[in-house]
Amino acid sequence: MPTSSETPAATVGTDGAATKLTANNIRAALDGLLERRTDQTRLTSMGAGSDDLDEGRAYLAATVDGGWHVPTWPATHGGRDASVAENQLIGSVLREYVVPDLYPFAIGLGMVGPALLAHGTAEQQDRWLRPIASGAEIWCQMFSEPEAGSDLANVALSAAQDGEVWRLGGQKTWTSRAMWSEWAICLARTDPEQPKHKGLTMFVIAMDAPGVDVRPLRQMNNDAHFSEVFVDGAVVPDAWRVGDVGEGWRVAMTILSHERAGAGSRGGGDGAKRGARVPTWITDLAALGALDDKVRRDEAMSIYAADMASRWTAQRAADEARSGGSPGPAGSGAKLRTVSSYKRRAYLANRSAGAAGMLEDGHGYIETVTAPSMSIRGGTDEIQRNILGERVLGLPGEPRLDRDVPWRQSRKGLL
């Protein structure tokens, strides 16, 4: 009788052979590829001068043949055609290993990949999915614009068809990972005479194409992970259009639903090995002596309790997403909880370090100066609350007078 950790999942096999996937044979495969975590493992986060892409790329290259990082993807594209149960089992076992911060690769793995599987052609999937899974190619998401951030459907970057190609022109901003990326998935305006949600089309654009100019924006934590991207006459083949003309909003919603649900973010973490009873951020606070103070100890326990409730809520949302086939609006709640936890932990750690916390190498300093951006990136907290209110709680939506008005007219503020 197998133990719970050895209970076989459903039948799989990247070579087509019928094999039972168990925790032990996953470990047998991963032991030859990855280092195991220990109580002393501390995983670094990208940023503040720690922008080494090599560790993440090496990890993805090592795991792609077994389909270990994106198990539910087709085996031909870097996955292993895994079932839901197998995916959960693999994710659980991966927590026992050192998985680097995959921030540079997260858009491709967690958002572009699922969008291509849902809306892409077979040729597009063949061209782009395996290089995403292997870490060979990095992607960014060109959505936000100077006058269309939270109001994403108001984007103005234009795409005009010219035979078998499209010519793109305009500006994007807050494009994370653009300076590393070979490719971008780009939302563009193809019909300004349609209402703003209906005149959009999604494209893939090469970041080294003539007419594409990437200008990094340096943040107060010294990162330059966001960029402005100026596009002046860049040519995109029609074969790189994702979805039908005018269906860009539908593709964008697929991407954003995966972003809010945190899909593809497997990797990094707090460094605690699987089964550890105390998160490393708490042991770090204890080492600083912060938990000797009753007020700080109470705050730490409040954060920990909220994290546990968030984990259970996220599990319920994940189960609902699997039954429905894609992440739902509850992902907005997950993002709000994740951001709140990040900020509270950062500020507590920094305060606990005392005067040393003001130094660049002080405990929690980088997290503290990064924290304000977490409420903005990936959709502002305000937008997430609107989504929860309208789509989860069923509250009345805000008046939308531009729903049936041509974008060219509504953008001028004539409503």
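For this chain, numbers begin at 1 and follow the sequence in order. What's counted below: heavy atoms across the whole structure, side chains too, no hydrogens, waters or symmetry copies. Quick caveat: nothing in here was measured; it's all calculated off a predicted structure.
For the pair Arg37 and Tyr97, the cation-pi criterion (under 6.0 Å, within 45° of the ring axis) is not fulfilled. Judged by the 6.0 Å distance and 45° axis criteria, Arg80 is positioned over the aromatic ring of Trp68. Judged by the 6.0 Å and 45° rule, Arg57 forms no cation-pi pair with Phe105.
Inter-residue side-chain proximity for Trp249 and Lys198 is flagged as unmet; no heavy-atom pair is nearer than 4.5 Å.
For Glu247, the side chain to side chain contact (heavy atoms under 4.5 Å, CB included) test picks out Asp244, Arg250, with sequence neighbours left out. For Ser310, the side chain to side chain contact (heavy atoms under 4.5 Å, CB included) test picks out Arg337, with sequence neighbours left out. Applying the side chain to side chain contact (heavy atoms under 4.5 Å, CB included) rule to Ala184 yields the partners Cys140, Met142, Ile205, Met207; only residues at least two apart in sequence or on another chain are considered. Residues passing the side chain to side chain contact (heavy atoms under 4.5 Å, CB included) test with Asp126, sequence neighbours excluded: His77. Listed by chain and number, the residues in a side chain to side chain donor-acceptor pair (under 3.5 Å) with Asn154 are Trp407 (sequence neighbours excluded).
One N or O on the side chain of Ser134 and one on the backbone of Ala136 form a donor-acceptor pair closer than 3.5 Å. Under the 3.5 Å distance criterion, the side-chain polar atoms of Gln141 are left unmatched by any main-chain donor or acceptor of Leu187. With hydrogens and angles disregarded, a donor-acceptor distance shorter than 3.5 Å links the side chain of Ser373 to the backbone of Thr370. The closest donor-acceptor contact from the side chain of Thr201 to the backbone of Gly246 lies under 3.5 Å. Judged by distance alone, with hydrogens and angles left aside, the side-chain atoms of Asn350 form no donor-acceptor pair with the main-chain N or O of Thr368 at under 3.5 Å. With hydrogens and angles ignored, the 3.5 Å screen pairs a side-chain donor or acceptor of Asn25 with a backbone N or O of Thr22. Gln124 places a side-chain N or O within 3.5 Å of a backbone atom of Thr121 that can act as its donor or acceptor partner. Side-chain N or O atoms of Thr63 include one that pairs as donor or acceptor with a backbone N or O of Tyr59 at under 3.5 Å.
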### Message
Could you walk me through whether Asp238 and Val165 satisfy the side-chain contact (heavy atoms from CB on, under 4.5 Å) test, starting with their C-alpha distance in whole Å, then the side-chain angles of each, then the deciding distance to 0.1 Å, before giving a yes or no?
### Response
CA-CA 5 Å; Asp238 187 59; Val165 302; over 6 Å; no
### Message
I'd like to know whether Ile132 forms a side-chain contact (heavy atoms from CB on, under 4.5 Å) with Trp73, so could you lay out the CA-CA distance, the side-chain angles of the two residues, the decisive distance to 0.1 Å, and finally the verdict.
### Response
CA-CA 11 Å; Ile132 290 173; Trp73 289 17; 3.8 Å; yes
### Task
Go through the steps for Leu388 and Leu393 under the test side-chain contact (heavy atoms from CB on, under 4.5 Å), then give the verdict.
CA-CA 6 Å; Leu388 289 173; Leu393 300 178; 5.5 Å; no
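Under a 4.0 Å N-O distance rule, the pair Glu145/Lys172 qualifies as a salt bridge. By the 4.0 Å N-to-carboxylate-O rule, Glu96 lies close enough to Arg27 to be salt-bridged with it. Taking a cutoff of 4.0 Å between a charged side-chain nitrogen and a carboxylate oxygen, Arg130 and Glu137 do not qualify as a salt bridge. Here Asp191 does not pair with Arg189 in a salt bridge; the nearest charged N to carboxylate O distance is not below 4.0 Å.
Atom-to-atom distance recorded for Phe226:CZ and Met179:CE is 9.5 Å, nearest 0.5 angstrom. Of the inter-residue distances, the one linking Thr380 atom OG1 with Lys335 atom NZ reads 7.5 Å to the nearest 0.5 angstrom.
At a cut-off of 3.5 Å, with distance as the only test, a side-chain donor of Thr254 or His119 sits close to an acceptor on the other residue. Using modelled atom types, one finds no donor on one side chain facing an acceptor on the other under 3.5 Å when comparing Asn87 with Thr72. A donor atom on one side chain and an acceptor atom on the other are found under 3.5 Å apart for Ser302 and Arg344.
The ring-ring contact (aromatic ring centres under 6.0 Å, His included) pairs that include a residue from residues 148-173 are Trp166-Phe203, where partners are two or more places apart or lie in different chains.
Ring-centre distance between Trp180 and Trp139: not below the 6.0 Å cut-off.
Smallest separation of non-hydrogen atoms from Val93 and Ile26: CG1-CG2, 3.7 Å.
Around atom CE of Met358, no more than 12 heavy atoms belonging to other residues, nucleotides or ligands sit under 6.0 Å away. The neighbour count for Glu390 CD, taken as heavy atoms of other residues, nucleotides or ligands under 6.0 Å away, is above 12.
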